[in-house]
Student: 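One structure, as structure tokens, below. Some questions next.
Computed from a predicted structure; not experimentally measured.
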Amino acid sequence: MNFSVAFSNGTNYFNGGFYLTAFRNLENKNYLILALAIIYIITLLGNLVLLAVVLMNSSLQNPKYLAVCNLAIVDISMNSVIIPQMVPVFAFNQNYVSFGACFSQMFFMHFFGDMESFSLALLAYDRLIAICWPLRYSTINTNLRMLLIIVGIWSLVVLLEIFPVFFAARLPYCGSREVQSCCCEHGPVYRLACTDTSYNRQLATAKTLTVLLGPLTFIIFTYVIVVVAVTRIASMSQRWKAFHTCLTHLLLVLLYYMPVILAYILGNLRLVQNVDLFTAILTVSVTLPPMLNPIIYSLKTDELRDKIVKLLGRPKVTQQIIKNRANG
């Protein structure tokens, strides 16, 4: 999606660009760029290995791992939108961003950020069906149905994100063009407009509440049902198995929502006075979940971990793991 065409609101045509001005006063910012580069490399390696394992093993090509692969694609895309463009901007001071590139990045950055929360809700749906209706799982949650749900989610998020970005792109930017951020975020950009932006603020607030609280409410609702269902299981071993099934997903949910909550607390209570430091903390906290998601899922999921070890050319280790688990 490219916003490079000229937008007009009847009073102004904007043919220039923006200047990203974050980290001007941040000491040792090269260490931040190095950390982000490492995060990006691990994000690519972890998620690509996960995708390769699922594609190469027909036993993993089921609704659960379709949802996992969806999250992996979102993770790669999220960090690919944010991190690569930051290197020339802050390592080589090439901080000019054209109008079209800025709003394109704005759309995709917020799009994949929103997709993270919806992808976690999709995994919660899969766990709900697997635990509450295990005997009917294969008929309720088919590959085709999961694919249709994924397509529906992607389409919904496009609709949710296109309007805030579109209306921001139509604003007249006749004043300062310095964006107080490390990338073209919606808020720091539309606030530069030399007109009333109250509608843009209200639209952004409504969209943010929808994409954060909507999936989170659904996730909490599914776990309430799961807890009720698990408490009715007589066997302690069955309860532990159900808990272990949910543990990985709970870790991913905490990993995504804790930085959001932290950013809200730090931003509203002004606990971090240095704007550049706050931006650096926020940037790292946003890019860490896409890096850690495949690692957590691989370590906490037995069948996936065994397949990865086998893919990396260590069949003897895999056999020993299986043998030890059987003996235990």
Student: Is the shortest heavy-atom distance from the side chain of Val179 to the side chain of Thr21 under 4.5 Å?
Tutor: no
Student: Counting distance only, does the side-chain N/O of Arg145 pair as donor-acceptor with the main-chain N or O of Ile140 below 3.5 Å?
Tutor: yes
Student: Leu255 and Leu251: side-chain contact (heavy atoms from CB on, under 4.5 Å), yes or no, with the steps?
Tutor: CA-CA 6 Å; Leu255 192 62; Leu251 289 174; over 6 Å; no
Student: Side chains of Val228 and Cys132, heavy atoms from C-beta outward: is any pair under 4.5 Å?
Tutor: no
Student: Per the side-chain contact (heavy atoms from CB on, under 4.5 Å) rule, which among Ile129, Leu122, Asn141 passes with Pro63?
Tutor: Asn141
Student: Rounded to the nearest 0.5 Å, what's the gap from CZ on Phe112 to OG on Ser119? Could you check?
Tutor: 10.0 Å
Student: Is it the case that the side chains of Ser59 and Asn57 hold a donor-acceptor pair, with the cut-off being a distance below 3.5 Å and no angle test?
Tutor: no
Student: Could you check, using the six-membered ring where one of them is a Trp, whether Phe111 and Trp154 have ring centers closer than 6.0 angstrom?
Tutor: yes
Student: Going through the checks in order, is the ring-ring contact (aromatic ring centres under 6.0 Å, His included) test met by Phe103 and Phe107?
Tutor: CA-CA 6 Å; Phe103 282 94; Phe107 173 81; over 10 Å; no
Student: May I ask you to check whether Ser80 and Tyr40 show a side-chain donor-acceptor distance below 3.5 Å?
Tutor: yes
Student: Let's go through Tyr125 and Phe218 carefully: what are the C-alpha distance in whole Å and the side-chain angles of both, what is the deciding distance for ring-ring contact (aromatic ring centres under 6.0 Å, His included) to 0.1 Å, and is it a yes or a no?
Tutor: CA-CA 9 Å; Tyr125 158 77; Phe218 177 79; 7.2 Å; no
Student: So which of Leu36, Ile33, Thr43, Thr283 actually passes side-chain contact (heavy atoms from CB on, under 4.5 Å) with Ile83?
Tutor: Leu36
Student: What is the distance from atom CG of Leu148 to atom CG of Asn143, rounded to the nearest 0.5 Å?
Tutor: 11.0 Å
Student: Looking at every non-hydrogen atom in both residues, tell me the closest pair between Asn79 and Thr287 and how far apart they are.
Tutor: ND2-O, 3.1 Å
Student: With Lys207 as reference, evaluate His186, Gln202, Glu161 under the side-chain hydrogen bond (donor to acceptor under 3.5 Å, both in side chains) test and give the passing residue.
Tutor: Glu161
Student: Compute the ring centroids of Phe167 and Tyr190, then answer whether they are less than 6.0 Å apart.
Tutor: no
